[in-house]
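Reminder, nothing fancy here: chain letters follow the sequence lines and each chain counts from 1. This is a predicted model, so every value here is computed, not measured.
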Amino acid sequence: MEPLIAMREVGKSYGKTRALDNINLEIMPGRIVGLVGPNGAGKSTMLKALTGGITYDGAIKILGYEPHSMRHKVMLETGVIHDVSVLPPWMKVGHLIEYMDGVNSGFSREACEKFLADTTIKLDRKVRQLSKGMKTQLHLALVLATQSRLLILDEPTHGLDILFRKRLYSSVLEDYFDSEKTVVISTHQVEEVEHILSDVIFLAGGKLLLYCSMEELHAEFVQVISSAGNADAVRALGPLTEHDMFGKKVFVLRGVDRSAIEPLGELQVPTVADIFVALMGGTA
Amino acid sequence: MTVFKALVMREWREWRTVMFVLGLIYLLVMVGIVYGMHRGMRVHSSDGSPGVELQWDDDDDDLRLRDDDWSWSGPWDLASFVSGEFILFGYAHGLRGTAHVINFALLLLAMFYMSDAVYKERADGSTYFHRSLPIQDHTLLLSKFIVGTLGILLVSYLLGVLSVAIARVSLPGSLIASLDEAGLSLSQIAYADFLFDWLVYHLLIFLWLSPYAAYFLLVSAATRSRPLLVGLGLPVLLATVVGYFTQSGALAELFMSNISRIGNVIAWEWQGQMAMYPEPGDKIELFSSFGRYVISGRTVISLLVTSGMLAATWAVYRRNVVPSA
């Protein structure tokens, strides 16, 4: 099976700042990939490179095309939702749907209107009259109504309340995702999407820190909650991080034999955020 | 073609409020002209006799309309003023003038449109939305360029024709009667020729002013703020700086001669008709032909410069300059 996204030695510099540094990865169809990293990690730069928004060093193939020169081809099968509202504020919802219908041959007007029928968004309202949540819903409806194979969500829930956030991700799962499609989600609120991710990418300082499936992640990392008496024994195994919690010691370890640490405390599956912080040396 | 149609429709929807307002102003002006013309004629023909009744004010040597406060400085050739020839002469000039005023207003609109065309979508962030759609950059930019040039010129052409039509059907009977007395007729005006000449004139405007339209589009794609100000200020600044260092106004003169060239052509083709005092049966053309200017070295240079500007706009647009506003 051909990868949907392939990046080879991809780099990008802004002046003296290296925003992306030698990124190599492949993303296969049917995956939901979380892109995790602190501010300035290179997440937005990576998504811009993937969506043809910037030039870069190295090579990228997305849906079989080089994204910068063939952006229009890539976008025929790619939906993108950004962190801020980017829909033209002066347009009426109905006109926006008509516009999408005109410029995107894979767009289904009926599907979009059906999606919007479940919301309070009216076709005769202008985009600027909608709340932030409604704008995101509208954008999602436009994107989900296209026959895209790839969905890129760049901090899509930024500024939305919990109800909208939940609804957005359930829509992505129920109305969009299947084994042929891929979703790339960049978010700071990784705990909200952790349960739907199949893979995770950690970026820091423009470098690829880790890229693996959630299964591999859970097999590789383990969290141990031990008593103070066992702490030194755990420390001897080289934990990535250590902190106190309710009088106990909490460690995150990588690549250790679980049978060796089981007697030392309670084993838990660390969250993606915990693992990321651990890989960052507890400083992220 | 569907994509292009959708893009043009988008531009129309974005700017239609401006167009409606301009259309409304145009209609009000036309209604005002027609109303004023009829009211004036009714007052001055109150005794039922055809023609315009005027009286001299011997005290201040002015020509004064009876029962009216208007006055024009004299002395006037009263005989020619009231003659049918003069009415036809004034009517023809009125048609040209009205058409050109509309044309000039719409060229100003084109300047505003072009300077905002790309900048506006960058300023409100919607450029990210448009770039996430399967539209080629050159198609999007071309749609803006065509709407801002051919689209606006089409409106100018149609409004010019409409004005001539309105003037034709709304001319007061008293003036037509004066024409009849002199053996003249409105049918002497070559309306069909006007339709063609006016079209060629707009083609010429498009060909010769395209570099300016493309320049404002480039500024719109490149500048981080106030595109209109930057677009107007840059040539002035450049000419001033070059003039200061070279102690020569050559660049400023080049700019001015380029800008005024189209105006000169209009004047030549208009002034060519100024000596018109038609005889009965004469064919009256509102303009000479602009056709001889269309195929010219200036046209070739204009098209080359326009192509260069559009290519530069495309290159800048792909860099995705984020405005500071």
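Within a 6.0 Å sphere centred on CD of A:Glu66, heavy atoms belonging to other residues, nucleotides or ligands number more than 12. Other residues, nucleotides and ligands contribute at most 12 non-hydrogen atoms within 6.0 Å of the CD1 atom of B:Ile295. For A:Lys132, the NZ atom is densely surrounded, since the number of other residues' heavy atoms within 6.0 Å is greater than 12. By the neighbour-count criterion of 12 heavy atoms within 6.0 Å, atom CZ of B:Arg226 is sparsely surrounded, having that number or fewer from other residues, nucleotides or ligands. The number of heavy atoms from other shown groups lying within 6.0 Å of OH (B:Tyr244) does not exceed 12. Under a cut-off of 6.0 angstrom, the local environment of CH2 in A:Trp90 is crowded, with over 12 non-hydrogen atoms contributed by other residues, nucleotides or ligands. With a 6.0 Å radius and a threshold of 12 heavy atoms from other residues, nucleotides or ligands, B:Phe255 has its CZ atom above the threshold.
Put simply, CZ on B:Arg10 and CD on A:Glu98 are 14.0 Å apart, with the number rounded to the nearest 0.5 Å. Rounded to the nearest 0.5 Å, atoms CG (B:Asp124) and CG (A:Leu87) are 10.0 Å apart. Here the straight-line distance linking atom CD1 of B:Ile135 with atom CG of A:Leu76 works out to 11.0 Å at 0.5 Å rounding. In this structure, the separation between OG on B:Ser132 and CG on A:Asp154 is 11.5 Å, given to the nearest 0.5 Å.
Considering only heavy atoms from C-beta on, A:Lys92 stays 4.5 Å or farther from B:Arg13 through its side chain. Here the side chains of B:Arg318 and A:Thr55 are not in contact, with every heavy-atom distance at 4.5 Å or above. Side-chain contact between B:Arg131 and A:Arg71 is present, with at least one heavy-atom pair separated by less than 4.5 Å.
With a threshold of 4.5 angstrom between heavy atoms, A:Met70 does not approach chain B through any atom at all. Proximity to chain B (any heavy atom under 4.5 Å) is shown, for A:His68, by both the backbone and the side chain. No part of A:Thr146 comes within reach of chain B, as not one of its non-hydrogen atoms sits under 4.5 angstrom from that chain. Heavy-atom distances place the side chain of A:Leu96, and not its backbone, under 4.5 Å from chain B.
Classified by interplanar angle (parallel below 30°, tilted 30° to 60°, perpendicular above 60°), the ring pair A:Tyr99/B:Phe129 is tilted.
Contact between A:Val103 and B:Pro134 at its shortest, heavy atoms only, is O-CG, 3.6 Å. In plain terms, the two heavy atoms of B:Ala6 and A:Gly102 that are nearest each other are CB-CA, 3.8 Å.
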